[in-house]
Amino acid sequence: MFAEAIAAFAPRLPLAVAYSGGADSTALLRACAARWPGQVHAVHVHHGLQAAADGFEAHCRDTCAALGVPLAVAHVQARPARGQSPEDAARRARYAAIGDAIAHTWGAGGPGDVALAQHADDQIETILLALSRGAGLPGLAAMPGQWEQGGLRFHRPLLQVPGAELRAWLDAQGASWVEDPSNADTAYVRNGIRAELLPVLQRLFPSFRTTFARSAAHAAEAQQLLRGLAGQDLGTTGIPPAIAALQALPRARQANALRHWLAEAHGTAPSAAQLAELLDQIDACRTRGHRLHLKVGAGFVRRSGALLDWYNPALSS
């Protein structure tokens, strides 16, 4: 499946590969460099979160020198904002750092496409984590295969490839990689899923990677339809939404429009309990004097005359 995935991958060239030095990104970098000689660049993000990070960077420099692949290294210190998870902060900082590194190192002629090495097991872990949180369609859709951000087009060409196949390919190539010590710590839920749950799923449902991925694709398709509906409804309610226009919508469409508004305009997401309370308060806003001020996502939704408003005191201070 790995060879087929690389053969089907059709990015714009030159291409950047996000390269951590681990097995997955090593396989992706080597395969891409072999397919497009002289057209592949690598970007290594140094998080500075553990003592081994300097060794990771040194390994990446040595490997890229041996492959003849230009390398850019970005150093980040991701600190979560108030109400933001450390994982989300690290992910956002990583993508921003990749874009900055490409721009600063290679300029306007540098890569416009970036390949990431998340594979089928990573996708399954994401789906299981979403299920454990009671996530809606956006969570169940798991990781997209392609999206655009900051002027770059990001790709995940390996989402159908099991992680074990990547390591077997590297072994056959006689290639080396680095192991992140934290990957063996099953106190991290993702590691526990990988070490303990995936083998059970493999025994009970041998095709689970394919069938779970199919369900995620169905969820992604449904979410795309809901986004389109939210865009239509927000075209009617306005942005920020007018309370009376929201009240004219069925409750489920109110919820969908509010999620979309909060995500697109403010980069935040309400919990199920917060959204339910917000919908109740919107329904109760039948007089001018009704006050609305609720914790929603990383900030607060409040009434501002006939409209809703959202703000984060940590960002406005």
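Here the structure is a predicted model, which means the values were calculated and not measured. Residues: numbered from 1 along the sequence shown.
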Using the side-chain contact (heavy atoms from CB on, under 4.5 Å) rule, take T236 and L249 through it: C-alpha gap first, then chi angles, then the decisive distance, then the call. CA-CA 10 Å; T236 301; L249 295 172; over 6 Å; no
same_hphob_cluster(L15, L67) at 4.5 Å side-chain heavy-atom cutoff: yes
For H293 and Y311, take the angle between the two ring planes, folded into 0 to 90°, and tell me which bin it lands in: parallel under 30, tilted 30 to 60, perpendicular over 60. tilted
Give every donor-acceptor pair under 3.5 Å between a side-chain atom in residues 146-153 and any protein atom, sequence neighbours left out.
from : atom 1 : to   : atom 2 : distance (Å)
Q146 : OE1    : H155 : ND1    : 3.4
W147 : NE1    : Q149 : OE1    : 3.2

Hydrophobic clustering (ILVMFWY, side-chain heavy atoms < 4.5 Å, transitive) - are L166 and L198 grouped together? no
Working for side-chain contact (heavy atoms from CB on, under 4.5 Å), residues D280 and R251: CA-CA 9 Å; D280 288 344; R251 185 178 175 98; 3.1 Å; yes
Keeping R303 on the side-chain end and H290 on the backbone end, is there a donor-acceptor pair under 3.5 Å? yes
Quick one: do L71 and V17 end up in the same hydrophobic cluster if we chain Ile, Leu, Val, Met, Phe, Trp and Tyr together by side-chain heavy atoms under 4.5 Å apart? no
V73, V40: one ILVMFWY side-chain cluster at the under-4.5 Å cut-off? no
Got Q274 and V301 here, is their nearest side-chain heavy-atom distance under 4.5 Å? no
Please assess Q118 against Q123 for the test side-chain contact (heavy atoms from CB on, under 4.5 Å), listing each intermediate value before the final yes or no. CA-CA 7 Å; Q118 284 97 353; Q123 187 76 311; over 6 Å; no
Show me, pair by pair, the donor-acceptor contacts under 3.5 angstrom made by side chains of residues 130-143, not counting sequence neighbours?
from : atom 1 : to   : atom 2 : distance (Å)
S132 : OG     : L129 : O      : 2.6

Close side-chain approach of I124 to F208, heavy-atom, < 4.5 Å: yes
Does the ring centre of H46 sit less than 6.0 Å away from the ring centre of F56? no
Donor-acceptor pair, distance only, cut-off 3.5 Å: does the side chain of N256 make one with the backbone of L226? yes
Could you pull out every donor-acceptor pair under 3.5 Å between side chains of residues 257-264 and any protein atom, sequence neighbours left out?
from : atom 1 : to   : atom 2 : distance (Å)
E264 : OE2    : R227 : NH1    : 3.1
E264 : OE2    : R227 : NH2    : 3.4

